[in-house]
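Computed from heavy atoms alone, side chains included, the values below leave out hydrogens, waters and symmetry copies. Index from 1, following the sequence.
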Amino acid sequence: MAAIEAFSKSLIEEVHKWGCLKQTGFLQKELAIRIARRAIELESLPYGLSQRPAVLKVRDWYVDSFRDIRSCPEIKNMKDEKEFTDVIKAIKVRHNNVVPTMALGVQQLKKESKMDSEDLMEIHQFLDRFYLSRIGIRMLIGQHVELHNPNPPPHVVGYIHTKMSPVAVARHASEDARSICLREYGSAPDINIYGDPEFTFPYVPAHLHLMVFELVKNSLRAVQERYMDSDKASPPIRIIVADGLEDVTIKLSDEGGGIPRSGLPKIFTYLYSTARNPLDEHADLGVADSVTTMAGYGYGIPISRLYARYFGGDLQIISMEGYGTDAYLHLSRLGDSQEPLP
């Protein structure tokens with residue numbers, strides 16, 4: 001385990017000062033404030049979570065990133081602008097593994113202390129706020145970096161695609177999830193997609209890809225495991241894209257046996273996964289790649305719901321135990337949704 005970085009007293013004092021400032025519309029200042037707030041929050045978590053090595057590692061990433069942004073000169077010309085863009089690009093990469101590393105910290109805590117459901121709820125609420133804020137920070141950085149792309153693809157404004165086809169994104173995400181299933185199990189159920197491929201609306205394709213990928217991956221695993229030893233062919237997963245006035249809804253239906261009603265609330269929490277975290281205890285937390293497996297670290301569903309909610313949508317899961325599961329991904333048509341700042 002790498003030694004936790006020692007920061008100067010003045011840097012930590014500055015983090016606390018900036019964490020108290022009001023949020024602003026100016027990106028350089030805004031990112032410093034948001035990052036400082038997360039660093040402060042990570043220092044004061046309940047039940048000793050702040051002292052877990054994995055959580056200390058994440059806090060160090062936030063303090064490092066705060067220092068990098070504060071050491072950028074105020075933007076007065078194109079040279080300053082380019083330097084700032086390069087710095088925040090590097091910050092985005094530094095924070096790639098925040099989610100699995102925080103998951104590891106929670107696993108460490110659960111292993112070492114007896115926690116009741118109320119304790120877990122408090123940590124769950126913190127993680128919801130923390131990850132929602134992370135989506136916001138990554139959205140701001142990604143938007144800025146993409147706006148500086150000298151050759152943007154047509155109909156793209158930063159991260160937002162003004163003519164995104166949900167059917168096309170669902171197809172790509174399904175193919176990605178299916179190839180992982182094929183790699184792990186040697187076979188994979190079919191996926192049928194219904195909807196108008198010509199229909200488009202403004203959205204962030206990277207967000208939609210992530211959400212559909214996670215949902216499809218779960219359905220593939222459920223169906224594959226249910227029919228693995230059966231002589232019956234596994235039934236296809238169905239994806240339906242519906243274009244409504246307020247929302248675009250994507251429904252995923254599988255016949256993977258469903259989830260017991262008592263287990264449904266648990267699928268939206270960060271604390272019940274039985275799957276092994278891809279970043280295990282012995283990996284060097286700084287360099288581990290985000291390993292994609294069929295059973296990640298159990299965060300796919302709650303994180304997907306946060307991505308949907310970030311733009312005013314939602315994710316609902318309805319299950320028939322003994323038959324299968326339907327997931328409804330509601331995407332708000334962008335235009336009047338406010339960023340849900342924690």
Side-chain angles (χ1 to χ4, degrees), residues 124 165-197 199 207-244 247-276 292-309 313-331:
H124 173 79
S165 159
V167 168
V169 175
R171 187 174 299 121
H172 291 145
S174 298
E175 284 163 5
D176 287 353
R178 201 166 178 274
S179 67
I180 289 170
C181 187
L182 281 167
R183 194 177 71 213
E184 289 212 3
Y185 294 105
S187 64
D190 287 335
I191 300 165
N192 298 335
I193 301 176
Y194 306 91
D196 179 1
F199 159 62
H207 287 192
L208 181 58
H209 187 285
L210 178 143
M211 294 185 282
V212 174
F213 172 79
E214 285 296 342
L215 292 167
V216 169
K217 198 172 66 160
N218 280 2
S219 287
L220 286 168
R221 190 169 86 232
V223 172
Q224 188 65 29
E225 292 189 351
R226 191 179 190 207
Y227 284 86
M228 215 156 28
D229 302 321
S230 162
D231 44 10
K232 287 188 196 148
S234 55
I237 290 158
R238 295 182 305 285
I239 299 178
I240 301 156
V241 178
D243 162 24
D247 283 348
V248 174
T249 303
I250 298 177
K251 176 187 176 188
L252 283 92
S253 295
D254 70 53
E255 294 174 39
I259 303 158
R261 214 150 44 101
S262 62
L264 267 176
K266 293 181 182 175
I267 63 173
F268 284 111
T269 73
Y270 304 101
L271 305 156
Y272 290 95
S273 174
T274 51
R276 189 182 67 81
T292 305
T293 64
M294 289 300 281
Y297 35 85
Y299 278 29
I301 296 292
I303 293 278
S304 295
R305 184 166 69 172
L306 289 182
Y307 272 97
R309 287 180 172 178
D314 210 352
L315 169 61
Q316 291 171 306
I317 292 188
I318 294 163
S319 181
M320 291 172 74
E321 191 185 2
Y323 179 74
T325 303
D326 289 348
Y328 291 85
L329 186 55
H330 302 284
L331 309 173

Exercise. Below 4.5 Å, heavy atoms only, C-beta onward: do Phe268 and Leu315 meet side chain to side chain?
Worked result: yes
For this session: Taking all heavy atoms of Leu208 and all of Pro166, pick out the closest pair and write down the distance.
Result: CD2-CA, 4.0 Å
Problem set entry | Least distance between heavy atoms, Val223 atom then Pro235 atom | CG1-O, 3.8 Å
Exercise. Do Arg226 and Lys232 pass the side chain to side chain contact (heavy atoms under 4.5 Å, CB included) test, and can you show the C-alpha distance, the side-chain angles, and the key distance before you say yes or no?
Worked result: CA-CA 10 Å; Arg226 191 179 190 207; Lys232 287 188 196 148; over 6 Å; no
Exercise. How many angstroms lie between atom CG of Leu329 and atom CG of Leu215, to the nearest 0.5 angstrom?
Worked result: 6.0 Å
Exercise. Can you tell me if Arg171 uses its side chain to pair, donor with acceptor, with the backbone of Ile193 under 3.5 Å?
Worked result: no
Exercise. Does a side-chain heavy-atom distance below 4.5 Å link Ile317 with Ile301?
Worked result: yes
Seminar exercise, completed: Scanning both residues in full, the closest heavy-atom pair of Cys181 with Pro189 reads SG-CD, 4.3 Å
Exercise. Going by atom types alone, do Gln224 and Ser187 pair a side-chain donor with an acceptor below 3.5 Å?
Worked result: yes
For this session: Could you walk me through whether Val248 and Phe199 pass the side chain to side chain contact (heavy atoms under 4.5 Å, CB included) test, one step at a time?
Result: CA-CA 10 Å; Val248 174; Phe199 159 62; 3.6 Å; yes
Exercise. Would you say the side chain of Leu252 lies within less than 4.5 Å of the side chain of Ile250, judging by non-hydrogen atoms?
Worked result: yes
Exercise. Asp314 and Arg309: side chain to side chain contact (heavy atoms under 4.5 Å, CB included), yes or no, with the steps?
Worked result: CA-CA 5 Å; Asp314 210 352; Arg309 287 180 172 178; 2.9 Å; yes
Seminar exercise, completed: Smallest heavy-atom separation, Ser304 atom then Gly300 atom, equals OG-O, 2.6 Å
For this session: Any chance you could measure Arg178, atom CZ, to Leu220, atom CG, to the nearest 0.5 Å?
Result: 7.5 Å
Exercise. Looking only at atom types and distance, does a side-chain atom of Asp254 sit under 3.5 Å from a main-chain N or O of Thr325, one as donor and one as acceptor?
Worked result: yes
For this session: Give a yes-or-no answer on whether the side chains of Glu214 and Tyr299 include a donor-acceptor pair shorter than 3.5 Å.
Result: no
